[in-house]
Number of protein chains: 2
Amino acid sequence: MKTDKDDIQTCGYTIIHEDVVNDVREKMLADETIISLAEFFKVFGDPTRLNILYALSISEMCVCDLAALLSMSQSAISHQLKVLRQARLIKYRREGKVIYYSLDDDHIRQVFAQGLAHVNE
Amino acid sequence: MKTDKDDIQTCGYTIIHEDVVNDVREKMLADETIISLAEFFKVFGDPTRLNILYALSISEMCVCDLAALLSMSQSAISHQLKVLRQARLIKYRREGKVIYYSLDDDHIRQVFAQGLAHVNE
DNA sequence: CAATCATATGAATATATGTTCATATGTTAT
DNA sequence: ATAACATATGAACATATATTCATATGATTG
């Protein structure tokens, strides 16, 4: 016959430290928050996007320049710029046919720097 | 006939601002660095791993507790813990059959906090 | 308005990745 | 040793994602 302890098992395994789990459960972040956070970091999790962000942290640039700089197709760059735009990490201004992209705010530089600090340690 | 400017094109499109591109090119990070950085951020780019990291920032926990807390299989948690271990974001200690996981250092909390600040703004 | 240039985008493809399932490993207790 | 438990892991599968290709859009110039 099942005991009370068995009833709180969730994954087919008995919870070993029920008090800890209950305590932590109360403090966990909302699913929505976690998902937003994951999406935010995911944007930084690609070499092409990091290169673009780093380049734009030095100077604003147009799509064609970025493509040349990174030796990639205009289309590939454009697709990634869309991702960065949707994540509100970059902004742009139009000047005739040319569109100049730049970082949305200095906040991005800080995230970048913090990541670099970890990688270089 | 082609001009000199056409020769420096890389992606089939002419570089518009050669001076800017050359300047930025000198300052770009090494490929290796960018790849490490992308891998670092990629680890944060998954809701399950974020939940685990956040839970461990509150208290050390064993695999079974984490599985119960997140209503996920022991296997799924274990696989993700492996990713977090390889990224050196968590450490563990053994006590009999139970293995307790915890954050590797406070640095992780800072990255987490910075991401949260961006998401909540 | 026709041609050209800079950029954007949809579809297709190849690769990466998260979870499940089954099973293995390592530890403890009987 | 054997059983039971906590965790780890390899293979399979389903989904996500980065790039390419072809083409569309929007702006300028002749």
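Chain naming here is simple, since letters A, B, ... match the order of the sequence lines and numbering starts at 1 in each.
The stretch residues 43-60 of chain B touches DNA chain C through B:D46, B:T48, B:R49, each having a heavy atom under 4.0 angstrom from the strand. Against DNA chain D, the stretch residues 28-39 of chain A makes no heavy-atom approach under 4.0 Å.
Counting only heavy atoms from C-beta outward, the side chains of B:K42 and A:F44 never approach each other to under 4.5 Å. Side-chain atoms of A:V111 and B:F41, non-hydrogen and from C-beta on, do get closer than 4.5 Å to each other. No side-chain heavy atom of B:L103 sits under 4.5 Å from any side-chain heavy atom of B:K91. You'll find the side chain of B:V43 stays beyond 4.5 Å of the side chain of B:E39, heavy atoms only.
The OH-P distance, from B:Y100 to C:dT27, rounds to 16 Å in whole Å. Separating the CG atom of B:L66 from the P atom of D:dT7 is a distance of 9 Å, rounded to the nearest angstrom. The distance between atom CD of B:E95 and atom C1' of C:dT27, rounded to the nearest whole Å, is 13 Å. Between the CG atom of A:L84 and the P atom of C:dT7 there is a distance of 15 Å, given to the nearest Å. The CD-C1' distance, from B:Q74 to C:dG26, rounds to 13 Å in whole Å. The CD1 atom of B:I77 sits 13 Å away from the P atom of C:dG18 (whole-angstrom rounding).
Stacking between A:H79 and C:dT9 is shown: the ring centroid lies under 5.5 Å from the centre of the six-membered base ring, and the planes differ by under 30°.
Residue-level contact check: A:Y101 touches the backbone only, with heavy atoms under 4.0 Å from sugar-phosphate atoms and none from bases.
The one candidate from A:L69, A:I52, A:I99 that meets the side chain to side chain contact (heavy atoms under 4.5 Å, CB included) condition with A:M61 is A:L69.
A:S75 contributes no side-chain N or O that forms a donor-acceptor pair with the base of C:dT7 under 3.5 Å.
Checking the phosphate oxygens (OP1, OP2) of C:dT19, a side-chain nitrogen or oxygen of B:Q80 falls inside 4.0 Å. The phosphate of C:dT17 (OP1 or OP2) has a side-chain N or O of B:K42 nearer than 4.0 angstrom. Here A:S73 does not reach the OP1 or OP2 of D:dT19: none of its side-chain N or O atoms lies under 4.0 Å away.
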Exercise for review: Begin with the C-alpha distance, continue with both residues' side-chain angles, and end with the deciding distance and a verdict on side-chain contact (heavy atoms from CB on, under 4.5 Å) for A:I90 and A:D104.
Suggested key: CA-CA 4 Å; A:I90 58 175; A:D104 199 8; 5.5 Å; no
**Study point:** Intermediate values then yes/no, side-chain contact (heavy atoms from CB on, under 4.5 Å), B:L81 and B:L66
**Key:** CA-CA 10 Å; B:L81 287 172; B:L66 285 168; 4.1 Å; yes
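In this pair, A:Y100 and B:H17 present their aromatic rings tilted. The plane angle is within the 30 to 60° band.
Between B:Y54 and B:F112, the ring center distance clears the sub-6.0 Å criterion.
Comparing A:L81 and A:K97, the nucleotide of DNA chain C nearest to each residue sits closer to the 5' end for A:K97.
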